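What you see is a predicted model, and the numbers here were worked out from it, not measured in a lab.
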Amino acid sequence: MLLIQDIRENHDALVARLAKRGIAAAPIFDAIIKQDDARKAIQKQLDDTLSASNNMAKQIGDLFKAGDAQGAQALKAKTAALKDTTKELQVQLQSAVDALQALVIELPNAPHDSVATGKSAADNEVVATWGSDIPLPKAAKPHWELCQELGIIDFETGVKITGAGFPVYVNKGARLQRALINYFLDYNTKAGYTEYQPPYFINEASGYGTGQLPDKEGQMYHMTADNLFAIPTAEVPITNMYRDTILKTEDLPVKCTAHTPCFRREAGSYGKDVRGLNRLHQFDKVEIVVIANPEESYRLLDEMVQHVGELLQSLGLKHRVLRLCGGDMGFTSALTYDFEVWSAAQERWLEVSSVSNFETFQSNRLKCRYRSGKDKPQLVHTLNGSSLALPRVMAALLENYQTESGIQIPEVLVPYTGFSTI
RNA sequence: GGUGAGGUGGGUGAGUGGCUUAAACCAACAGUUUGCUAAACUGUCGUGCGGGAAACCGUACCGGGGGUUCGAAUCCCCCCCUCACCGCCA
């Protein structure tokens, strides 16, 4: 959520930033400021009324103690009017707050200065490319065919026991996935990220904290018997560890990494996008989350981008880095870099990581703050990224490293897999 | 799942309707004292919202949500969580 204080103080700059998403924010800002003024006026009236009530209650108490029951009773009679006013003002305040909230919640995060104006993926900027095409055998196949022939991922059995989008990894497929997870986690912890194994289900409060609720409820699997939600990404439990928290400046930056399965209903997806490993209801991901002092959040974002890029390079995968344009960025992000690996046999780019700075957009809702010395608490900046999403990395590895004599495993993984070909 | 006991500031913990603007202690921070350390003493020591140039003032918050009352940390109802014992269980 954008900060109302920011909307008041940096009105024009924010309007310019939001224009990159194609949003004309000025009239919305005006409405917000007007509504906030109304809210303040009601708040003031309510506080004054409560103050009068409190004083009167105190006087009644004093009269009783002094033995003046009659005076107390007389004063009591006067409290009814104040009570009515209080009740009415409380209702008014609540609806003013709700109306304000409804306006603010509609606004996405304001894009960073470096973000290009644009409407869709076509306007994203390629900021880096790495690697070259690996010569493929004549009869190169997409990964779903390779998986079936080699017997390493069984989509049909997944359908039988659960449904589409829940593959079963078998044998060397399972082992390769486990190897990748361990390799990614080791790589992250070596870079100073603390490893976590968070819960895979979250409660409602956590859903609100990271913004899945109330709007994107339909994207998550919901266990109604216990009112818990299956996590769509490790970002949710990890970031929520810091909900309602005041950190010390010296605690920052907080750097976390976690491997979790991710559960997504993906309602409405169809076609070639969902073929094979491209889009699943359950998949594994290793995530990195950073909680930063606002002064250094963009330096840390660069660091994370560097980190993920080197991870892909160590696997020898051809990839490119995109700076997303205003229109293609997620609702909560101020600046996002996407990493896409080249899927040789499908001849398309597959997103394997998305690294973002949310500035205070998430922390405002999470109430995650930091305090330097005796200053008032300030909101932190939150950042996160994948390092990496497993299925698409797996797809790229299988497709790019297929040879006449099987799939060649990149050298860095061999200590983890225990085999060098599939 | 059953029964019982609990949930109060960064921590320990008092507080059964008004004398609580939540005691006291510990921790923390600042200062005084000191050759250094330690100790002692003094002071500061929550968060949100609103008002104010500021000092400061008002208001809300004692697990969460309702209710009773002129007045609730305190009484009532619902929910959540923790602990103990029992049951079940990898």
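Following rounding to the nearest Å, A/Leu82 (CG) and B/G71 (P) show an atom-to-atom distance of 10 Å. Across the protein-nucleic acid pair, A/Glu250 atom CD and B/A28 atom P stand 14 Å apart, rounded to whole Å. As a whole-Å value, the separation of A/Gln94 CD from B/C49 P is 16 Å. Rounded to whole Å, the distance from CD1 on A/Ile42 to P on B/G51 is 13 Å. The CG-P distance, from A/Leu100 to B/C49, rounds to 12 Å in whole Å. Taking atom CD of A/Gln45 as the reference point, atom C1' of B/G51 lies 14 Å away to the nearest angstrom. In this structure, CG of A/Asp37 is placed 16 Å from P of B/C49, rounded to the nearest angstrom. Note: CG (A/Asn203) to C1' (B/G63) measures 14 Å, nearest angstrom.
Taking only side-chain nitrogens and oxygens, A/Arg39 comes nearer than 4.0 Å to OP1 or OP2 of B/G50. Checking the phosphate oxygens (OP1, OP2) of B/U47, no side-chain nitrogen or oxygen of A/Arg369 falls inside 4.0 Å.
A donor and an acceptor atom, one from each side chain of A/Asn188 and A/His307, are located under 3.5 Å apart. If you check the side chains of A/Gln402 and A/Glu145, you find no donor sitting under 3.5 Å from an acceptor.
Under the Watson-Crick or G-U wobble criterion, with both distances below 3.5 Å, B/A73 is left unpaired in every strand shown. Checking B/A14 for Watson-Crick or G-U wobble geometry (two distances, each under 3.5 Å) identifies no partner in any strand. Across all strands shown, B/A60 pairs with B/U47; the Watson-Crick or G-U wobble distances both stay below 3.5 Å. Here B/A5 sits opposite B/U82 as a Watson-Crick or G-U wobble pair (both hydrogen-bonding atom distances under 3.5 Å). B/G87: no Watson-Crick or G-U partner with both key distances under 3.5 Å is found in any strand. Across all strands shown, B/U68 forms no Watson-Crick or G-U wobble pair with both distances under 3.5 Å. Using Watson-Crick or G-U wobble geometry with both donor-acceptor distances under 3.5 Å, B/U32 finds its partner in B/A40.
Counting non-hydrogen atoms under 4.0 angstrom, A/Lys248 reaches nothing in the nucleic acid. If you check every strand for non-hydrogen atoms under 4.0 Å, A/Lys76 touches a base.
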Under 3.5 Å, N/O pairs linking protein and nucleotides 15-18 of chain B:
residue : atom : partner : partner atom : Å
B/G18   : O2'  : A/Lys65 : NZ           : 3.4
B/G18   : N2   : A/Ala57 : O            : 2.5

Can you check nucleotides 57-61 of chain B for protein contacts, nitrogen or oxygen pairs under 3.5 Å, and list what you find?
residue : atom : partner : partner atom : Å
B/G58   : O3'  : A/Ser51 : OG           : 3.2
B/G58   : N2   : A/Asp47 : OD2          : 2.6
B/U59   : OP1  : A/Asn54 : ND2          : 3.3
B/U59   : O2'  : A/Asp47 : OD1          : 3.2

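Between A/Tyr416 and A/Ile181 there is no side-chain heavy-atom pair separated by less than 4.5 Å. The side-chain heavy atoms of A/Leu277 and A/Phe283, taken from C-beta on, include no pair separated by under 4.5 Å.
Remark: the separation of the C1' atoms in B/C49 and B/C86 is 48 Å, to the nearest Å. When the C1' atom is used for both B/G9 and B/G46, the distance is 6 Å, rounded to whole Å. Taking atom C1' on both B/U12 and B/G18, the two are 28 Å apart, rounded to the nearest angstrom. Separation of the C1' atoms belonging to B/U47 and B/C25 is 23 Å when rounded to the nearest angstrom. The P atoms of B/G4 and B/G65 are separated by 26 Å, rounded to the nearest whole Å. Rounded to whole Å, the separation between the P atoms of B/C61 and B/G66 comes to 11 Å. Annotation: B/C75 and B/U3 have their P atoms spaced 22 Å apart (nearest Å). Here the separation of B/U68 from B/C85, taken at their P atoms, is 41 Å to the nearest Å.
Annotation: the span from A/Thr194 atom OG1 to A/Ile288 atom CD1 amounts to 12.5 Å, rounded to 0.5 Å.
Formation of a donor-acceptor pair under 3.5 Å by the A/Ser95 side chain with backbone atoms of A/Gln92 is found in this model.
Enclosure of atom CD in A/Gln197 is not indicated, since only 12 or fewer non-hydrogen atoms of other residues, nucleotides or ligands lie within 6.0 angstrom. Within 6.0 Å of the CD atom in A/Gln148, the count of heavy atoms belonging to other residues, nucleotides or ligands does not exceed 12. The local environment of CD in A/Glu250 is crowded, with over 12 non-hydrogen atoms from other residues, nucleotides or ligands closer than 6.0 Å. Environment of CD in A/Gln313: crowded, with over 12 heavy atoms of neighbouring residues, nucleotides or ligands closer than 6.0 Å. Environment of CZ in A/Phe201: sparse, with no more than 12 heavy atoms of neighbouring residues, nucleotides or ligands closer than 6.0 Å.
Comparing A/Arg371 and A/Lys44 by the nucleotide of RNA chain B whose heavy atom lies nearest to each, the residue mapping closer to the 5' end is A/Arg371. Across the interface with RNA chain B, nearest-nucleotide mapping of A/Ser53 and A/Asp36 shows A/Asp36 to be the residue nearer the 5′ end.
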Begin with the C-alpha distance, continue with both residues' side-chain angles, and end with the deciding distance and a verdict on salt bridge (Lys or Arg N to Asp or Glu O under 4.0 Å) for A/Glu310 and A/Lys190.
-> CA-CA 13 Å; A/Glu310 285 170 7; A/Lys190 269 179 204 146; over 6 Å; no
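Checking B/G50, B/G48, B/C70 against every side-chain atom of A/Thr79, the shortest atom distance belongs to B/C70.
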